[in-house]
Amino acid sequence: MDGTAPGNDTDADVLIIGGGLAGLTLALQLRRRDPALQVAVIERRPHPVPEAAHKVGESTVEIGAHYLADVLGLREHLETEQIRKFGFRFFFSDGRHDIDRCTEIGVSRLLPTPSWQIDRGRFENFLGVRARALGVRFHDNAVVREIGMAASGSDAPHAVTFTQAGDEHTLRARWLVDASGRAGLLKRKLSLAQANDHDANAAWWRVDGCVDPNLWSEDAAWIGRCTPPERWRSTNHMCGPGYWFWLIPLASGAHSLGIVCDAKLHPLETMNTHAKAMDWLRTHQPRVAAALDGGGHALQDFLFLRHFSYGCKQVFSADRWALTGEAGLFLDPFYSPGTDFIAIANTYICDLIEKDRAGEAFAPYADLYQQLYFSFYENTLTLYQDQYPLFGDSQVMPLKVIWDYTFYWALLAPLFFGRRMTDIAMFGRLRLQFVEAGALNSAMQALLRAWGEHNRGRTQPPGRLLDQYGIDWFHEMNRALNDVLDDDAFARRIDDNLARMRWLAAEILAQARRVHAGIDTYGLNDLLGQPDPPPPSLAPPWYADAA
């Protein structure tokens, strides 16, 4: 299905290798910003692809959802053809059948800023049609055979040779972007792969039908905690020590399921076939296993991935090439940051190309944007690395979830919503605030990890509901992402958000010391400018249901 197959030596301004989520959204963003830009995409798979394509990245959060809905103008499709997400939901249910008696973290009502569950096959088919309608030359069912890079510092075009329908074509372009996913064609050619120390694995599959946690209880009060009572629309995390299990509904009528685990605590060999994965579930999440064994959930497919997290040596170049999506780096699916990082990388790439088209010196910006992008990656990695052992701790994890959300909504999300990702002057103005926020987060992650280690072997508290919707300031931070602010008001908002982080850090540290009086503060008191406080006698009200 190739609407405009090229002849040999056809030129384009931008050539994107890979027509999945990262590549097609970049193509749309480029054309929306500059309709005169000649954009071509080479995609290995034929279109249309099967609905519910077997890919990680079905759950969006605020940055990625805003990018798709508002930056790319796809809100109507998301609202009519995808599933509005009922937030993240966490159950501390290792070895439990009585899900309605486990500690549950989630919202009782939808928060103001929307996100969606994305049926990737359906969505990428839509993106392909949309891209062609906007004039993108989309060459699907095409296999890249050779990548010829222009000499460094030259003004010559890059060249990509590919085969399509038995014919060989060469396409030249001023800019070359690798969006080829884990294949990382340009990444491999340029030897840019870089490992990180987050050693985690995943096994995932899809089944027919909807897996609805509300069917696992006859307790009307428990079912009615949510308005509407539709827990199935959440990204449901079933948590235990060293792992979490996801349930994500897809608009095509399938349900996506996945085990994500610390490689040392849950070896991949115990779950690298569907039969093994089901046996693992029967031990660790028996209620989920019983639902899947009960009929109506036929297996569609199964995949596993070892050491899925990695970095990259370089993603943006003054030599007019870039990497986006999983062709560059990948973190962890726990908080669904994949589409966020696509949105950020694509925004930087668009700005670099615009500067080049305008005759501006873009090379310094390639370096600056890369430094920022890598700092976002490194700060976000701290939320996951070495933290999986405490995922089953129903005392600590509710606090970690609140902290991690707050960190995300305090800095990175406002920057993206406020369209200030490329505002170098604002980054300079707020440099000290970002340094302090990063230091607070690093110290907090160390404290949370230590708290979990101190808790091992202790009896977990009884099951409670922590309703995030009922935390007024938390709800307001989510709503405030949509505020349109001038520069001074935006800087004040970041200051206010940082003050919220300081307050929350002090509250969490006080709670940790209430439970473990001698726990290391990891420099938090120095960052907060206060001496070691005495342990509080009571938990603050917002923490009571999680204690």
Side-chain angles (χ1 to χ4, degrees), residues 21-22 55-64 85 87-90 105 115 117-118 120 181-182 184 193-204 234-248 256-268 271 303-312 315 324-345 373-393 396-397 400-401 403-405 407-408 412-413 438 441-442 444-446 448-449 452:
L21 181 63
K55 295 187 176 185
V56 172
E58 296 146 331
S59 174
T60 62
V61 286
E62 284 78 12
I63 289 176
K85 178 175 163 182
F88 286 128
R89 196 167 301 278
F90 306 84
I105 314 171
S115 58
Q117 311 288 20
I118 303 294
R120 286 287 296 275
R182 288 178 181 266
Q194 186 174 63
N196 64 31
D197 294 327
H198 180 38
D199 190 9
N201 305 320
W204 71 100
S234 298
T235 298
N236 284 295
H237 299 61
M238 319 304 290
C239 299
Y243 77 89
W244 61 285
F245 177 80
W246 84 64
L247 299 102
I248 299 173
S256 174
L257 313 169
I259 305 166
V260 189
C261 52
D262 183 296
K264 294 181 288 295
L265 298 176
H266 297 274
L268 186 61
M271 60 189 72
L303 285 175
F304 65 87
L305 196 57
R306 188 185 301 276
H307 196 77
F308 54 70
S309 186
Y310 52 86
C312 192
V315 291
T324 186
E326 292 184 45
L329 49 81
F330 185 79
L331 285 152
D332 186 290
F334 188 69
Y335 290 123
S336 304
T339 308
D340 285 9
F341 276 79
I342 288 171
I344 296 167
Y373 189 67
F374 283 166
S375 73
F376 303 148
Y377 160 76
E378 290 159 3
N379 274 292
T380 306
L381 186 60
T382 65
L383 310 186
Y384 313 111
Q385 189 172 318
D386 302 321
Q387 300 290 52
Y388 269 54
L390 64 82
F391 277 17
D393 191 318
V396 180
M397 272 303 288
K400 174 172 167 54
V401 169
W403 172 265
D404 293 348
Y405 269 113
F407 181 47
Y408 173 63
L412 187 55
N441 177 61
S442 180
M444 180 55 62
Q445 299 300 334
L448 292 166
R449 184 164 53 248

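This one's a predicted model, so the numbers in the text were calculated from it and none came from an experiment.
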One pair to check against side-chain contact (heavy atoms from CB on, under 4.5 Å): Asn201 and Tyr243. What are the steps and the verdict? CA-CA 10 Å; Asn201 305 320; Tyr243 77 89; over 6 Å; no
Taking only residues two or more places apart in sequence or in another chain, which ones pass side-chain contact (heavy atoms from CB on, under 4.5 Å) with Ala193? Lys187
Residues at least two apart in sequence or cross-chain that pass side-chain contact (heavy atoms from CB on, under 4.5 Å) with Gln385, listed by chain then number, are Asp197, His198, Leu381
Take Phe90 and Phe334 through the ring pair (Phe, Tyr, Trp, His ring centres under 6.0 Å) test and state the conclusion after the steps. CA-CA 11 Å; Phe90 306 84; Phe334 188 69; 5.6 Å; yes
Just to verify, what does Thr235 make a side-chain contact (heavy atoms from CB on, under 4.5 Å) with, not counting sequence neighbours? Ser59, Lys85, Phe88, Gln117, His237, Ile248
Report the residues that fulfil salt bridge (Lys or Arg N to Asp or Glu O under 4.0 Å) with Arg89, sequence neighbours left out, ordered by chain and then residue number. Glu104
Indicate whether any N or O donor in one side chain lies under 3.5 Å from an N or O acceptor in the other, for Asp404 and Tyr384. no
Name all pairs fulfilling the salt bridge (Lys or Arg N to Asp or Glu O under 4.0 Å) condition that reach into residues 373-386, sequence neighbours left out, sorted by first residue then second. none
Excluding sequence neighbours, so at least two apart, what forms side-chain contact (heavy atoms from CB on, under 4.5 Å) with Leu305? Arg182, Trp204, Phe308
Do we see a donor-acceptor contact under 3.5 Å between the side chains of Asp332 and Ser309? no
Between Tyr377 and Asn196, is any side-chain donor less than 3.5 angstrom from a side-chain acceptor? yes
Aromatic rings Tyr310 and Phe330: how do their planes relate, parallel, tilted or perpendicular, breaks at 30° and 60°? tilted
Hey, what's the ring geometry for Trp246 with Trp244, parallel, tilted or perpendicular (30° and 60° as the breaks)? tilted
